[in-house]
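So that the names make sense, note that chain A is the first sequence line, chain B the second, and so on, each numbered from 1.
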Amino acid sequence: MTNNPFNGYRLPPQWKKYLSNFRVILLVILAIIVLWTALFQVGPEEVGVITRFGKYVRAVDPGLNVKVPIIERVYKVPVERQQKQEFGFRTLRAGIQTQYSQAGYEDESLMLTGDLNLANVEWVVQYRVDNPYNYLFKVRDPEGTLRDISEATMRQIVGDRTVNEVLTVGRTEIASSVHEAIQISCNEYSLGFTIEQVVLQDVNPPDPVKDAFNAVNEAQQEKETLINQAKSEYNRIIPRARGQAQETIQKAEGYAAERVNNALGEATRFDALYSEYIKAPDVTKRRLYLETLQDVIPKLGHKIITDEKGSNILPLLQMQLNNK
Amino acid sequence: MVIIILAESAYTVKEYDQVVITQFGKPVGDAVTTPGLKFKAPFIQKTNYFEKRYMEWDGDPNQLPTRDKKFIFVDTYARWQITDPLQFFIRLTDERGAHSRLDDIIDGETRDYIANHNIEEAVRTSNREPIPSSETVEEVGDTLVEIQVGRQRIQEMILKSANQRASDLGIVILDFRLKRLNYVEEVREQVYQRMQSERFRIAERFRSEGQGEASKINGEKERDLKTIQSEAFRRAEEIMGQADARATAIYAGAYDKSAASRNLYSFVKSMETFEMTFDSTTTIILSTDSELYKYLIGLE
């Protein structure tokens, strides 16, 4: 200690004053450091997990919290924040008109279907940390693990379906199956994640076969068109024919009524005549004959009356024709 | 001095750590697996930290032949954990050593199992019945071939064999999955061609179905039209025939009562015929013998 250069060194009095002040300043700085390391803030969507000497001791809620400096450490886990992972594409810039990039992610999205066809499947997994302890201490790189699980699961589910199911009818069923399967795997791995939603985005045939798939759609449209045309032709012809058929039948019924009524009328008239006729057949007949000729003869052009005694009628005829 | 000794003998074990204490490089005692503040002999003992968490293993993407001689591209992953840190330390030293051993074991097992199964077995998991997307199932190809083993079982078998081979390494493989499975680039082109021809076949089928359906409707139209028209004709003829029959019966009833009525009928009809057929162009030559003019000669 005798070697200490400061020992016995006589400080000037003003320096002594500084030294006592320096102690105070040191204490204040120390206090600030202690407070700085002891106090911490947990955000509204977070939970603070505190370990002492590396051992988990407690979890704290959002707000200002205190820990023992140095020996206690805090991990902040955003348990309320919904996070998402994108497969087969990435959101370049989210906004009113969100931009996406598909290029370079084909390896993620191109997969084999059960009938050994290929399909491009893009999807999103939305998840939340629901167990901060598991999230921090059970699995290294939980996010990467979730990505692996999602990819493997999606391929397994798609691998059990036909390309048609994947592209058309099976979309929602695939999303819900994948959701369920990923959640089961997360629980098995103790990832501490809860899967909120699995959403299938674009599901397309690979580019080289898109045209062929479109051709199928076109053919389907064509089929509908042909059927509709035939149906409209049917509808144009048949109801009219039904109406015309009705017309024919009505006309026939009209004819029938007329025919029967005429017959009835004529028969009744004849009956009436007959019942009088048989009382005096000769006279009636003669009367009818004469009445008829009375009606008819005035309408005739030439009337020639001959006598069986006047044998030659030809000169008379000649004369009449000349007069005309 | 006290501080230095304390700092050398105390150490912390985190929640996800496990520690093997070595003395001059030789492990002593059991591994420390509980977290918290721990003590050891200063200077002569050293701490070796190992992960307690599940760790990632990602297989190198590889081209492998299947049993049906199809080359596929296989990407695998696994999750593993150090279960016996002491054994792990002795056999593998560190994670790098572990990864290299896992590469050998898992890649080898994957190769074996893929080579022993047809491609469908690695793609499909179950023999589920697909949801048909069209009524023309066989043309659209909504059918899946029967599988015997399936992806899930292959994964489980690889996991089991790999774990057997890794049993003395102080680790356990918790899960093994086939992550990506695809045709290799050269085969893909052929697959696209097959898919195209399949789609075109389906398209043709739709077109032909449309034409067929249209022809059917056209036929129905012709049939219905002829049926409607002929039925109407038949009905009309029936109605008219019945009316004719009735009229005939009525006439016969009236005219065919007796010889006198028949006589009267033919007389009346003749008279009517006169009235209807004679007009101004007709020339009539009447003899004074006739009923009408017989009195012209004089009263008899």
Side-chain angles (χ1 to χ4, degrees), chain A residues 53-56 112 114 117 137-141 148 151-152 156 159-160 162 164-165 168-169 208-209 212-213 215-216 219-220 222-223 226-227 230-231 234 237-238 241-242 245 248-249 252-253 255-256 259-260 263-264 267 270-271 274 277-278 292-293 296 300-307, chain B residues 12-16 35-37 53-56 77 123-125 130-131 133 142 144 151 177 179 192 195-196 199 202-203 206-207 209-210 213-214 217-218 221 224-225 228 232 235-236 239-240 243 246-247 250-251 254 260-261 264 271 274 278 280-288 292-293:
Chain A
F53 295 120
K55 186 178 156 54
Y56 170 83
L112 273 169
N117 287 313
F137 305 127
K138 284 290 187 181
V139 180
R140 193 162 74 182
D141 187 17
D148 284 347
E151 278 205 46
Q156 181 155 348
D160 234 10
T162 64
N164 286 308
E165 281 183 273
T168 55
V169 286
V209 293
F213 274 84
V216 173
Q220 213 158 3
E222 212 172 292
K223 174 183 167 183
L226 281 170
I227 292 170
K231 275 185 182 160
Y234 182 95
I237 300 285
I238 296 304
R242 286 221 174 86
T248 307
I249 291 167
E253 276 168 356
Y255 167 87
R259 190 92 170 91
V260 171
L264 283 171
F270 183 83
D271 279 346
Y274 176 73
Y277 167 79
I278 45 165
T292 305
L293 287 188
V296 170
L300 299 178
H302 303 287
K303 288 151 271 216
I304 297 155
I305 302 160
T306 62
D307 192 345
Chain B
T12 58
V13 179
K14 294 199 181 74
E15 281 284 341
Y16 48 77
L37 188 65
R53 292 182 289 190
Y54 298 172
M55 281 176 284
E56 55 277 25
Y77 83 83
V123 173
R124 298 263 308 288
T125 301
I131 310 164
S133 59
D142 274 346
L144 298 170
R151 188 185 192 124
R177 302 274 186 105
K179 190 163 72 170
Y192 289 148
M195 286 176 82
Q196 268 171 337
R199 293 300 119 180
I202 295 163
F206 276 134
R207 248 180 229 114
E209 269 180 355
E213 193 70 19
I217 294 165
N218 206 30
K221 182 194 76 189
D224 289 358
L225 182 63
I228 290 164
R235 185 87 195 97
I239 291 165
M240 292 193 290
R246 255 193 89 192
I250 291 163
Y251 284 130
S261 72
L264 176 63
M271 290 303 109
F274 288 172
F278 292 178
S280 60
T281 62
T282 316
T283 298
I284 184 167
I285 298 166
L286 283 161
S287 163
T288 46
L292 187 61
Y293 291 111

With only heavy atoms counted, which part of [X] is less than 4.5 Å from chain B, the side chain, the backbone, both or neither?
X	result
A:Gln156	both
A:Tyr234	both
A:Lys138	backbone
A:Ile278	side chain
A:Val296	side chain

Legend entry - Check: B:Gln196 side chain, A:Pro208 main-chain N or O, donor-acceptor pair, under 3.5 Å: yes

Inset, instruction - Answer yes or no: is there a donor N or O on one side and an acceptor on the other, between the side chain of B:Glu15 and the main chain of A:Tyr56, under 3.5 Å? - result: yes

Which one of [options] has the most heavy-atom pairs closer than 4.5 Å to chain A?
options	answer
B:Met195, B:Arg177, B:Met55, B:Lys14	B:Met195
B:Glu56, B:Lys179, B:Glu213	B:Lys179
B:Leu264, B:Ile250, B:Val13, B:Leu225	B:Leu264

What's the spacing between [X] [atom1] and [Y] [atom2] if we round to 0.5 Å?
X	Y	atom1	atom2	result
A:Lys55	B:Leu37	NZ	CG	12.0 Å
B:Ile228	A:Arg242	CD1	CZ	4.0 Å
B:Phe274	A:Thr292	CZ	OG1	8.0 Å
A:Thr248	B:Ile239	OG1	CD1	10.0 Å

Taking all heavy atoms of [X] and all of [Y], pick out the closest pair and write down the distance.
X	Y	answer
A:Phe270	B:Ala254	CE2-O, 3.4 Å
A:Ile227	B:Gly210	CG1-O, 4.1 Å
A:Tyr277	B:Ala260	CE2-O, 3.8 Å
A:Gly54	B:Pro35	O-CB, 3.9 Å
B:Arg124	A:Gly159	CD-O, 2.9 Å
A:Ile238	B:Lys221	CD1-O, 3.3 Å

Inset, instruction - Would you mind checking which part of B:Arg246 comes under 4.5 Å of any heavy atom in chain A, side chain (CB onward), backbone (N, CA, C, O), both or neither? - result: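 Interface part for B:Arg246: side chain.
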
Legend entry - Contact origin within B:Tyr192 toward chain A - heavy atom pairs under 4.5 Å: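 Both backbone and side chain.
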
Legend entry - Residue among A:Val260, A:Asp160, A:Asn117, A:Ile249 with most heavy-atom pairs under 4.5 Å to chain B: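 The option with the most such pairs is A:Asp160.
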
Legend entry - chain B interface, residue from A:Asp141, A:Leu264, A:Val209 that has the most non-hydrogen pairs under 4.5 Å: A:Val209

Inset, instruction - Using ring-ring contact (aromatic ring centres under 6.0 Å, His included) as the criterion, list what pairs up with A:Tyr255, not counting sequence neighbours. - result: none

Inset, instruction - Sequence neighbours left out, what passes ring-ring contact (aromatic ring centres under 6.0 Å, His included) with A:Phe213? Give chain and number order. - result: none

